[in-house]
There are 4 protein chains.
Amino acid sequence: MTDQPSPPRGRPRDPKSHAAVLDAAFTVLEREGYAATTIERIAAQAGVAKQTIYRWWKGKAPLFMEVLARKANQSVQLPDTGSFQGDLTALLTGTFAAVSTTLRPLMRALAVELLQDEEFAGAMRDVFVQRRRANVRALVQQAIGRSELPVDTDVELVCDLVFGIMWYRLMFDHAPLDKCAARQIACAATAAAVQNNV
Amino acid sequence: MTDQPSPPRGRPRDPKSHAAVLDAAFTVLEREGYAATTIERIAAQAGVAKQTIYRWWKGKAPLFMEVLARKANQSVQLPDTGSFQGDLTALLTGTFAAVSTTLRPLMRALAVELLQDEEFAGAMRDVFVQRRRANVRALVQQAIGRSELPVDTDVELVCDLVFGIMWYRLMFDHAPLDKCAARQIACAATAAAVQNNV
Amino acid sequence: MTDQPSPPRGRPRDPKSHAAVLDAAFTVLEREGYAATTIERIAAQAGVAKQTIYRWWKGKAPLFMEVLARKANQSVQLPDTGSFQGDLTALLTGTFAAVSTTLRPLMRALAVELLQDEEFAGAMRDVFVQRRRANVRALVQQAIGRSELPVDTDVELVCDLVFGIMWYRLMFDHAPLDKCAARQIACAATAAAVQNNV
Amino acid sequence: MTDQPSPPRGRPRDPKSHAAVLDAAFTVLEREGYAATTIERIAAQAGVAKQTIYRWWKGKAPLFMEVLARKANQSVQLPDTGSFQGDLTALLTGTFAAVSTTLRPLMRALAVELLQDEEFAGAMRDVFVQRRRANVRALVQQAIGRSELPVDTDVELVCDLVFGIMWYRLMFDHAPLDKCAARQIACAATAAAVQNNV
DNA sequence: TTCTAAGCGAGACGGTACGTCCAGTCTTCGT
DNA sequence: ACGAAGACTGGACGTACCGTCTCGCTTAGAA
């Protein structure tokens, strides 16, 4: 029994408007900051009616979630340098490069939303956070396979360690997220993973 | 020559209003969530005119900063268990207890603000963040004194590791900040600190 | 080439809101007096958002100007009793009847505004004042046509005399604007018009 | 037995403040218009506390009433040119000179108040309006004494005619209040007074 | 072709909160 | 007791967005 999602009747969604809204959202966010990023401004910037935004997104949060998806969809191919620390350094270098430039305003914006809306926090967690954590988990499994890390390594703690620092620096801006940071954090994570006699 | 800050003229600030606003801010935040916490509602709850709030605070951000100061001013006395890991576990246990209960809504609220306002982010960093980091720094110094940790331990990284995870869990709520978490994080931090051959 | 005032786009103005605001303005004015007649109260009384008032009127002054236009739009048909004094008495009797009852609060309200705003005073002068003066001017021309008044009668002075007294009594309330007043003023105006050897 | 109005105790009223307020009121009124003439601005301009104004006056209305009293207190000495029309022309010339220059903003300001407050309207009527009308009444009596006008001349109507036009022109500014106007109005008033066969 | 359904730009609508201003009152210190 | 300073409650201001609701006009597949 196929689940027919009803035959598409009426005028189909205009892909130009769709794209224009996503672009406008990002543009306004970058130019004016999130506090000034209202639906009205996005609509104006996109040359689109407000209703067209509300028709397709419930609010700013899901809209920016899609913007982030657009910008961050390039599937990361996992590195394999031979050592866990090397792999992690490579992964984080790439991640941090994106996160500290293009994605930075987006992630901060989404953080604002998820801090105020439990439901949206759940959605974000299930989509973006898990995706990134999965990469690290994979590296850990790889290292366990190589017997580089103990089988009972606390994977979640390693993930928390890595992404905790990342978000912390994204929020407070007190230290950079550059290549050097990637190396240091990978080192710390490795040490923590190895010595995981909880 | 003492710096006389001008003799106090006019009617002095009413301490009752002052306290009522701080209490009301916290009450409304807890009861209705930060999204619904408007200046108007706080004023109504406090039985105070809006102007009285605007006279003393520039907006919600500085107001809640003072609320947090009130709630978090109890000076933590540093533990001395004999080992760095023990000390850190003790410190974090106390910190997490506060942060995951009373302070939780406050810290999330302030995060919302600092993510949208660079200037306020700076203020928060200089006051609260530094205060908490100072505690950890002190423990690290203690441990270095005991030759438990190398003299060139990367103190800042240790701090980032600890508070990164704390904020990360505060934001996404994907794991608790309980006694067990304190122990695990202390363990990871110790491992990272010892093995700090950057 | 007709002057196309642009095709109407977007949702058209809601005539119900329009009427509700005008009615509410009048109601509140009558019930609470002009000092208490705020835009907010009018909006509340009309069951309308404040913005809907500000969208269509610049402030209380133009709003009440339209209210007055509504109430006073019945075109007066000029009397023709055979004598100037009779005509004027008839005209003033009708005018005073309206002005001392329904229109009274409106005219006082508009006076408040025009006394504080030169620009609005100009608008009022060009619309309402001129309309009323035109009636008297027409009567004077009629009388000149009948050789009842000299050709060089100072029409403007006659208008000033008549409406001067009307406004003066509207302001200070020291004497009525009834049928008797109409007769007396018509008599005085006639005497002044005849004897106009400046 | 002297009527001691209670022995003056405490610090007596500061005449400098008193004068400063009156001056400031007039200054602000002239410089910024009545709409912008708030008690706060007057107090600031006078270098006086708001309370000092509220202690001595109930509001703007009575305050400006006193300002007007200051400016208009020069007792007019009634002219006696031999004819009613001449006398009236002389009186009005002087009155109009003051009313169309210095007193203009004050009278418009007071008109705003009395239009919104019946009680204050009464006060104004009993003081200023009556004072001015008394002058005209005296001229009429003089003329009756000279048998220039009938004994049953409608004095009140003559007053209304004269001051009606004056206020009307003050409000709408459609015609000047100059010497010429005085002459014309005196002429019209005389004609109306003579022909007063009501 | 005509009909029907939905998308779309435009913009009015009822609301809510903003941050400011002023009204009047109250409280403190100094004269 | 008066006066200057200025904090206080209260309430209206005019503006900005929210999210919803008509409008007239496409733009498609179905009849």
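Each chain gets a letter, A, B and so on, in the order its sequence line appears, and its residues count up from 1. Values below: all heavy atoms of this structure, side chains included; hydrogens, waters and symmetry mates excluded.
Shortest non-hydrogen contact noted between A:Ala35 and B:Gln116 is CA-NE2, 3.5 Å. Annotation for C:Ala61 and C:Leu110: closest pair O-CD2, 3.7 Å, computed over non-hydrogen atoms. Counting all heavy atoms, side chain and backbone alike, C:Ala20 lies closest to C:Ala46 at O-CB, 3.5 Å. Taking both residues in full, the closest heavy atoms of D:Leu29 and D:Phe64 are given as CD2-CE2, 3.8 Å, listed atom of the first, atom of the second, then distance. A:Arg108 and B:Leu115 make their closest contact through NH2-O, 3.3 Å (heavy atoms, listed as atom of the first residue, atom of the second, distance). The two residues C:Leu63 and C:Trp57 come nearest to each other via the heavy atoms CA-CD1, 3.6 Å.
Scanning residues 106-121 of chain B for heavy-atom distances under 4.0 Å to DNA chain E yields an empty list. Contacts of residues 52-65 of chain D with DNA chain E (heavy atom under 4.0 Å): D:Tyr54. Of the residues in residues 21-38 of chain D, those placing a heavy atom less than 4.0 Å from an atom of DNA chain E are D:Thr38, in numerical order.
Between the A:Thr52 side chain and the A:Val48 main chain, no donor and acceptor come within less than 3.5 Å of each other. Looking only at distances, a side-chain donor or acceptor of A:Arg41 sits under 3.5 Å from a matching main-chain atom of A:Ala36.
The closest side-chain heavy-atom distance from A:Phe128 to A:Met65 is below 4.5 Å. With a 4.5 Å cut-off on side-chain heavy atoms, B:Glu113 and B:Met124 do not count as touching.
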At under 4.0 Å between heavy atoms, how does the protein contact nucleotides 21-31 of chain F? Give one character per nucleotide, 5' to 3', with B, S or -. BBB--BB----
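Taking the charged nitrogens against the carboxylate oxygens, C:Asp173 and C:Arg104 do have a contact shorter than 4.0 Å, which makes a salt bridge.
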Counting only pairs under 3.5 Å, give me each side-chain donor-acceptor contact of residues 8-16 of chain C, with atom names and distances, residues two or more places apart or in other chains.
from	atom 1	to	atom 2	distance (Å)
C:Asp14	OD1	C:Lys16	N	2.8

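Both tests pass for C:Lys60 against the ring of C:Tyr34: distance under 6.0 Å to the centre and angle within 45° of the axis.
With rounding to whole Å, B:Lys50 atom NZ is found 14 Å from F:dT9 atom P.
For the atom pair C:Met171 CE and D:Leu114 CG, the distance stands at 5.0 Å (nearest 0.5 Å).
Once you apply a 4.0 Å limit to the heavy atoms of chain A, the touched nucleotides of DNA chain E run 5' to 3' over E:dA5 to E:dA10.
Residue whose closest nucleotide on DNA chain E sits further toward the 5' end, between C:Asp14 and B:Arg41: C:Asp14.
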Before giving the answer on side chain to side chain contact (heavy atoms under 4.5 Å, CB included), spell out for C:Glu66 and C:His18 the whole-Å C-alpha distance, their side-chain angles and the decisive distance to 0.1 Å. CA-CA 11 Å; C:Glu66 188 172 336; C:His18 187 172; 2.6 Å; yes
